[in-house]
Participant: 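I have a structure I would like to understand better, so I am pasting it below and will then ask my questions one at a time.
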Amino acid sequence: MNELKEVLRATLGEIDFDPNELKARYLSERDKRLREDANDQYIEVKGDFSNYVDDPYAERIEREPVFDEVEIAVIGGGFGGLMMGGRLREAGYEDLRVIEQGGDFGGTWYWNRYPGAMCDVESYCYLPMLEELNYVPKHKYSFAPEIMAHSKNIAKHYRLYDNALLQTTVTGMTWDDADEKWVIETNRGDRFKARFVAMANGPLSRPKLPGIPGIDSFKGHTFHTSRWDYDYTGGDSAGGLNKLADKKVGIIGTGATAVQCIPHLGDSAEQLYVFQRTPSSVDVRNNRETDPQWRESLEPGWQERRMDNFNILVSGGDQDEDLVADGWTDIFRNLTGVAAKTASRKLGRRLSSVEKGALMEMADYKKMNTVRARTDAIVSDSETAEKLKPWYRQFCKRPCFHDDYLPTFNRPNVELVDTAGRGVDRVTENGVVVDGQEYELDCLIFATGFEVGTSYTRRAGYDIVGKGGQVLSEKWTDGLRTLHGLQTNGFPNCFFLGFTQSAVTVNVPQSLKEQARHVTYILDQIKARNGKTVEATEQGELDWVAEMNSKAKMGEQFRAECTPGYYNNEGKTGNPNGFFSFAYGAGPLRFFEILQEWRNDGTLEGCEIR
Ligand code: NDP
């Protein structure tokens, strides 16, 4: 026991808090929020709510349906689709078609144009294909319009607009057993064939609404943050929402999206009510312009090196230098295996797993104490500051970084309506009710996030029918079954990019980059071997599921003690469709290595080319 104290002191310095008290507080805050209905509390954006996903950014362009054939169809024109398309073009594939629901490329950055939208992972790592396009972002953290413009530039550079079907939603995908091709149907009446399909439909692409009684009765204006209505608010993604000057605005949700747009709403609205269920952890952002000298100094290969350096550090690995040096790498250095390595160096011996666990828990309390202290330091009203404090461990929810969010609560026209973990009681014709008090609103904005934890096919919006009429949703009822997350038996020539039993990375584009590379390799192998189809074998799939299961349980206990959110399936761990049940438990570094080793081996173990 004394030795453990020594380990903690050697690594963290004096412990000036009572960990038992903090743990009890965390658990009681979790208990306040646990709900039996978990994911079912949310409303799907369909039927009466389908207008919430109408595209406010583009006029619908009429066109004739297509009934042709392509070699490769890429479903989704976001970062996954862009990287897939780009890599394929680089490898010489000409006959390809991107199908995208939005009016342009960009995916999440096409839809999420809310004021203040910016990437919260360093742009030099986050924006794809910077060197290929000879581009360096203007800021350390890019704003949404620049990311959207870059997406369009990638599409132009790789000629992905050619043959693309924009403003088009796939409604069905069926394997033709005789022809050995996919038949793709869309909401535009298209029915075309593709030999290969890459699914790049994104993990958090389907907005969701809170199941608040009376939500459909509100007579004022309303929209979801991923479909921002600038006609109503005025201004643009940089703010200046001048049409809100005489409006009472309410926003439900205080996650990563809300943290970015609330400063602009506070700036522009006559009155802003922020309805909070669980506060976010909001740390320092410190965004800055790109240093021209640094830009000039970049050597070929810089982006991949930087991405790798970041990925290693945020996966608990060690690097001599922290190139990104921001809030993300700081958290990981202090709260993960790296902290344990530092402690063990200081003590001159390895730590036991109990010591490691205790160290990380204490480091977490310490870190969250600084986040809470930041709230006190910035928010002048002490009651409001108290309500804005997060009482959970750092990785229970997505950490946020912002320098203008907390100061917004010092504005006289901004009121935090904390619901003490219960959420809003009900919505009326005129506004929102919390604790028996009605807040009259002209406009109610939902910053309530996206579907996670529902089935893959529900989020995609259609089912996939494979060999012999096998339906993907049925195959995956009890959880995903894939080889490396990319292929599944019975569904030949179909590749799943994203978080389907693969690596969950802080820098999502890195994962998509590796997947696009891997799929391109497999397609090259088919060509080299004069094959027609490629399919995961049953054994290959079984082996990967076994590998996933042997590792995936990591973190279950941690998440069970967390306040609910999409990271822990709204408090119901064990959901086979949950966010982390898709994640390879040994982490992204090992996952990328496995893919690399598989390619080096060249035998295509676990899949078959015919
Ligand atoms: P989240 O799911 O993170 O947040 C939804 C918010 O809605 C939560 O605060 C939630 O509260 C609240 N909420 C839900 N139901 C109710 C209710 N009935 N009453 C009151 N509040 C309610 O969605 P976001 O859009 O904020 O973020 C989603 C993800 O998108 C992020 O985690 C991140 O991965 C990504 N993102 C990335 C950005 C980037 O720069 N790269 C920027 C923005 C988002 P509670 O916490 O209690 O559930």
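Throughout, numbering of the chain's residues begins at 1 and tracks the sequence. Order of appearance sets the numbers: ligands from 1, and atoms from 1 within every ligand.
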Participant: Kindly say whether the aromatic ring centers of Tyr26 and Tyr392 come within a distance under 6.0 Å.
Facilitator: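 Not close enough - the centres of the two rings lie 6.0 Å or further apart.
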Participant: State whether Phe105 and Lys152 meet the cation-pi test: NZ (Lys) or CZ (Arg) under 6.0 Å from the six-membered ring centroid, and within 45° of the perpendicular axis.
Facilitator: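 Because its charged atom misses either the 6.0 Å distance or the 45° angle limit, Lys152 does not stack over Phe105.
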Participant: Parallel, tilted or perpendicular: which one describes the rings of Trp228 and Phe223, with boundaries at 30° and 60°?
Facilitator: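 Ring orientation, 0 to 90° scale: perpendicular.
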Participant: Let me know which protein residues bring a heavy atom to under 4.0 Å of ligand 1; chain then number is fine for ordering.
Facilitator: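 Within 4.0 Å of ligand 1, protein side: Tyr42, Tyr114, Met118, Cys119, Asp120, Leu204, Pro210, Ile212, Ile252, Gly253, Thr254, Gly255, Ala256, Thr257, Gln260, Arg277, Thr278, Lys397, Arg398, Gly423, Val424, Ala447, Thr448, Gly449, Phe450, Tyr566.
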Participant: Do Phe450 and Tyr566 have ring centres separated by under 6.0 Å?
Facilitator: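 Between Phe450 and Tyr566, the centre distance exceeds or equals 6.0 Å.
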Participant: Using residues 257-264 as the side-chain source, report each donor-acceptor pair under 3.5 Å to any protein atom, sequence neighbours left out, with the distance given to one decimal.
Facilitator:
residue	atom	partner	partner atom	Å
Gln260	OE1	Tyr114	OH	2.5
Gln260	OE1	Met118	N	3.3
Gln260	NE2	Met118	O	3.0

Participant: Less than 6.0 angstrom separating the ring centers of Tyr141 and Phe401, yes or no?
Facilitator: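 When the ring centroids of Tyr141 and Phe401 are compared, they turn out to be at least 6.0 Å apart.
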